[in-house]
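Worth knowing before you read on, the calculation uses all heavy atoms, side chains too, and leaves out hydrogens, waters and symmetry mates. For this chain, numbers begin at 1 and follow the sequence in order. Numbering of ligands and ligand atoms starts at 1, following listing order.
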Amino acid sequence: MLATELTAALRRQGFDVQIHDLPEFDISNVEHLRQAVDAADVVINCAAFTNVDGAESQSELAHRVNAEAVGRLGEIARKSGKWVLHYSTDFVFDGRLDRPYAETDAPNPLSQYGKSKLAGERLLEASGCAYCILRLQWTYGPNGNHFITKLLKRAQSGGPVSVVDDQVGAPTATAEVAKTSLKMVEKRITGLYHFANAGYASRYDVAAFVFERLPQRVALNRCRTADYPAPAARPLNSRFDCRKIQALLDEPIKSWQESMEQYLRQL
Ligand SMILES: NC(=O)c1ccc[n+]([C@@H]2O[C@H](COP(=O)([O-])OP(=O)(O)OC[C@H]3O[C@@H](n4cnc5c(N)ncnc54)[C@H](OP(=O)(O)O)[C@@H]3O)[C@@H](O)[C@H]2O)c1
């Protein structure tokens, strides 16, 4: 999802982007990784095992892709002096804090996915390469399947839609992630940053916002996360404090509502 949007944004800026993806490129294959890193000036890693529930039963694979491969990527990049941009997630937190999470807050992942992504962050840092990690949350965009496409599909089915109102965060447009990533690439920014569209909403609030803009009426009900047990536990508070990255950007980060309006208009 993110890589497609990012590639387009980089190419619009005149970057020569080489894409490496499954099945011909496997990030957990050392030789594939070495060749890809050697051929690049900078490395942007969007590859990840992103099936959050699937990671509970496939934790070894999740760890291989999201942690070990990222550490190895860092080691190869350090040896050749390459800067790496990598993406992580709000799932590194347990969501029990009563305020937005800053980069200095202690992670405590609830799921195998979150654990594997946190291990990836730590291995990348330990590799000694020049790196930038952007932690993202609730991303959506024109490519791939995500919370908003699922809402739209459920709206089309005609029946009432139930959405949890106790998970709070910010839906974040891949277009905004791409724009911010460009800044990071141009300035070779290093360090750990939280990035999300501005403002906060529950998943229920997001669904209400989306459904209000559809031509048909959709019956929307509130429910609680505990009512829908899933294999992987999700943090209830996913709010990010984005002041650290905002200080590097030339303009205010867009509100989630503004980005969502734009996305819905383009459908
Ligand atoms: N989506 C979100 O809400 C969200 C939130 C926070 C952070 N993030 C992070 O954002 C980054 C981009 O995720 P995304 O949303 O773009 O997810 P995505 O659409 O699932 O993209 C991940 C890509 O990685 C590929 N991949 C998986 N295993 C691989 C391997 N062994 N070697 C090479 N490629 C492999 C996948 O290929 P296949 O499709 O063939 O498996 C897929 O194309 C990830 O680091 C993710 O953890 C996402």
(request) Output yes when E75 and R78 qualify as a salt bridge under the 4.0 Å nitrogen-oxygen rule, no when they do not. (result) no
(request) Nearest heavy atom to atom 13 (O) of ligand 1 wins, so pick from L61, D90, T50. (result) T50
(message) Between D26 and H32, do the side chains contain a donor N or O and an acceptor N or O under 3.5 Å apart?
(response) no
(request) Record the part of F91 in heavy-atom contact with ligand 1 below 4.0 Å; permitted values are side chain, backbone, both and neither. (result) neither
(request) Looking only at distances, please establish whether an N/O atom of ligand 1 is found under 3.5 Å from an N/O atom of L2. (result) yes
(message) Give the atom numbers and elements of ligand 1 that come within less than 4.0 Å of a heavy atom of M1.
(response) 1 (N), 15 (O), 16 (O), 18 (P), 19 (O)
(request) Taking only Lys NZ, Arg NE, NH1 and NH2, and the carboxylate oxygens of Asp or Glu, determine whether D38 and K79 approach each other closer than 4.0 Å. (result) no
(request) Please determine if R243 and E103 form a salt bridge, counting it only when a charged side-chain N lies under 4.0 Å from a carboxylate O. (result) no
(request) Can you figure out which of S88, G141, P171 has its heavy atom closest to atom 7 (C) of ligand 1? (result) S88
(request) Quick one: look up the protein heavy atom nearest atom 36 (C) of ligand 1 and list residue, atom name and how far away it is. (result) A48 O, 4.3 Å
(message) Is atom 17 (O) of ligand 1 near the protein, in the sense that some protein heavy atom lies at less than 4.0 Å from it?
(response) yes
(request) Pull out every atom of ligand 1 sitting under 4.0 Å from any heavy atom of V65, numbered as shown with elements. (result) 28 (N), 31 (N)
(request) Flag the pair D53 and R234 as a salt bridge only when some basic side-chain nitrogen lies within less than 4.0 angstrom of an acidic carboxylate oxygen. (result) yes
(message) Please report whether atom 42 (C) of ligand 1 has a protein non-hydrogen atom at a separation of less than 4.0 Å.
(response) no
(message) If we count only N and O atoms by modelled type, under 3.5 Å, do the side chains of Q167 and T225 hold a donor and an acceptor together?
(response) yes
(message) Quick test: of every protein heavy atom, which one is nearest to atom 12 (C) of ligand 1, and how far off is it to 0.1 Å?
(response) C46 O, 3.5 Å
(request) Heavy-atom contacts with Y113 under 4.0 Å: which atoms of ligand 1 show up? List them by number with element. (result) 46 (C), 47 (O)
(message) Run R203 and D165 through salt bridge (charged side-chain N to carboxylate O under 4.0 Å, His left out) and show every step you take.
(response) CA-CA 6 Å; R203 291 207 185 258; D165 68 358; over 6 Å; no
(request) Heavy-atom contacts with Y87 under 4.0 Å: which atoms of ligand 1 show up? List them by number with element. (result) 10 (O), 11 (C), 45 (O)
(message) Checking V168 now: which residues fulfil side chain to side chain contact (heavy atoms under 4.5 Å, CB included) with it, not counting sequence neighbours?
(response) Y200, S202, R239
(request) Tell me which protein heavy atom sits closest to atom 28 (N) of ligand 1, plus the residue, atom name and distance to 0.1 Å. (result) L22 CD1, 3.7 Å
(message) With a 4.0 Å cut-off on heavy atoms, is K117 in contact with ligand 1?
(response) yes
(request) For L136, counting its heavy atoms only, list the atoms of ligand 1 lying under 4.0 Å from any of them. (result) 5 (C), 6 (C), 7 (C), 10 (O)
(message) Salt bridge or not between E176 and K179? Use side-chain N to carboxylate O under 4.0 Å.
(response) yes
(message) Closer than 4.0 Å to some heavy atom of D26 - which atoms of ligand 1 meet that?
(response) 30 (C), 31 (N), 32 (N)
(request) Decide whether an N or O pair under 3.5 Å exists between A47 and ligand 1. (result) no
(request) Measure centre to centre between the rings of Y140 and Y263, then say whether the value is under 6.0 Å. (result) yes
(request) Assert yes or no for the condition that the ring centre distance of F93 to H194 is strictly below 6.0 Å. (result) yes
(request) Could you check atom 2 (C) of ligand 1 against the protein and tell me its nearest heavy-atom contact, residue, atom and distance included? (result) T139 OG1, 2.7 Å
(message) Looking at K183 and D250, is any side-chain nitrogen of the basic one under 4.0 Å from a carboxylate oxygen of the acidic one?
(response) yes
(message) Would G144 count as a contact residue for ligand 1, given that I'm defining contact as a non-hydrogen atom of the residue lying under 4.0 Å from a ligand atom?
(response) no
(request) Examine W256 and L152 and state if one hydrophobic cluster contains both, with Ile, Leu, Val, Met, Phe, Trp and Tyr joined whenever side-chain heavy atoms are less than 4.5 Å apart. (result) yes
(request) Quick one: look at D21 and ligand 1, take heavy-atom pairs under 4.0 Å, and tell me if it's side chain, backbone, both or neither. (result) side chain
(message) Using a 4.0 Å cutoff against the non-hydrogen atoms of I27, which atoms of ligand 1 qualify?
(response) 30 (C), 31 (N), 32 (N), 33 (C)
